[in-house]
Amino acid sequence: MKETREKNIDIIVPCYNEGANVDAFFRETQSVVSEVTGYSFSYIFIDDGSDDDTLDRIRALAEREGLRYISFSRNFGKEAAMYAGLRASRGDFAVVMDADLQHPPQLLPEMIKTIEETGCDSCAARRVSRKGEPKIRSFLARSFYKIMNRYSDIEIVDGAVDFRMMSRRMVKAIVSMPETQRFSKGIFAWVGFHTEWIEFENVKRLAGESRWSLWSLMKYAVDGFIDFAASPLKFAGVFGSVTAAGAAIYLLIEVLKTLIMGKDTPGYASTICLILFFGGVITTILSIMGEYIGRMYMETKNRPIYIEKESNIDED
Ligand code: UDP
Ligand code: MG
């Protein structure tokens, strides 16, 4: 007998200063999902400490449409917002979507179909074009994926965005990861489960501007890499020992030269070069270690990932 129970899907929407977009997002998404049969949909809006009218609009929507929301006491970042949404999710599936309609709701039926047909735990979207994006940004992004996939513990698909539908058990696995410095692209890959990819063309955000400057993206990339790779530490070790071995050989040559050919005039230039070189090597290695130690320090504080200011969801 075929199972008749309607499955529910939670749509999780992180919003930071999206006052101009939340209503349009809801309308557009609703018009797509109302056509889908066999599933019921509910929304969890996360107001990530916006300082525009986002929260007012979400509250109004909540009243009118009976949807759930959580509002943070300040801006904690999209990672924290996604985590809060996933934690609050109770549906058979959860899907994370941007509020600016850059994640086309039209893909939702395809995601559901893919999960139904393949029985996979996750269906994620992948941008195939980077149209409308500055060249330097695309170049840096590509390089990031190459380095990440070569030197870290996990494999990240180029162009993967955070638009992803996941089964309950995958959501549970993600929420069970307690780290406070979160890098979702890595976490999604790390928890495993089979992921199917669907492709889409880049879409421009509806209103407002992206919060990501080139600098913040680079910082995010470094953070993500360090979160999932210990290889820089190994690299520091190898680099350190190779240069130390080189220095020992050089010393030996100098000693032999002095013994065989007698004392020659000392060369200040080469001495200064060596001092500077090793000074540089040591500080580089120390700063790589510092990055990891800093992260350990932050994690040991065990601070909550976000702080709630207001919500209409009952804690269990
Ligand atoms: N966002 C958030 N907290 C932040 C920054 C962004 O919740 O601190 C949300 C934002 O409202 C949007 C999504 O994350 O729904 C993606 O942000 P944005 O469009 O700025 O990033 P981009 O699409 O340029 O990667
Ligand atoms: Mg966007």
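Note that ligands are numbered from 1 as they come in the structure, with each ligand's atoms numbered from 1 the same way. We're numbering straight along the sequence, starting at 1.
- Summary of contacts: the protein heavy atom closest to atom 24 (O) of ligand 1 is S210 OG, 2.6 Å.
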Show me, pair by pair, the donor-acceptor contacts under 3.5 angstrom made by side chains of residues 33-40, not counting sequence neighbours?
{"residue": "S34", "atom": "OG", "partner": "Q30", "partner atom": "O", "Å": "3.0"}
{"residue": "S34", "atom": "OG", "partner": "S31", "partner atom": "O", "Å": "3.3"}
{"residue": "Y39", "atom": "OH", "partner": "E116", "partner atom": "OE2", "Å": "2.6"}

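- Defined by atom type and a distance below 3.5 Å, a donor-acceptor pair is missing between the side-chain atoms of E79 and Q181.
- When hydrogens are left out, the protein atom nearest atom 20 (O) of ligand 1 is R211 N, 3.0 Å; that is the closest non-hydrogen contact.
- For the pair K185 and D162, the salt-bridge criterion is met [side-chain N within less than 4.0 Å of a carboxylate O].
- Cluster annotation: F72 is connected to I313 through the hydrophobic network of ILVMFWY side chains, with a link wherever side-chain heavy atoms come within less than 4.5 Å.
- Linking ILVMFWY residues whenever their side-chain heavy atoms come closer than 4.5 Å, directly or via other members, places L67 and I9 in the same cluster.
- For the pair R295 and Y297, the cation-pi test (distance below 6.0 Å, angle within 45°) is failed.
- With N21, D98, N17 as candidates, the residue nearest to atom 16 (C) of ligand 1 on a non-hydrogen basis is D98.
- By the criterion of a separation under 2.8 Å, the protein N/O/S atoms near the Mg ion (ligand 2) amount to D100 OD2, Q102 OE1.
- Between R68 and D10, at least one side-chain nitrogen of the basic residue sits less than 4.0 Å from a carboxylate oxygen of the acidic one, meeting the salt-bridge criterion.
- A donor and an acceptor atom, one from each side chain of Y43 and E65, are nowhere located under 3.5 Å apart.
- How far CH2 of W190 is from OG of S184: 14.0 Å, rounded to the nearest 0.5 Å.
- When non-hydrogen atoms are compared, ligand 1 lies under 4.0 Å from the backbone of K78 as well as from its side chain.
- Heavy atoms from both the backbone and the side chain of A99 come within less than 4.0 Å of ligand 1.
- Of all protein heavy atoms, the one lying nearest to atom 25 (O) of ligand 1 is W212 CD1, 3.7 Å.
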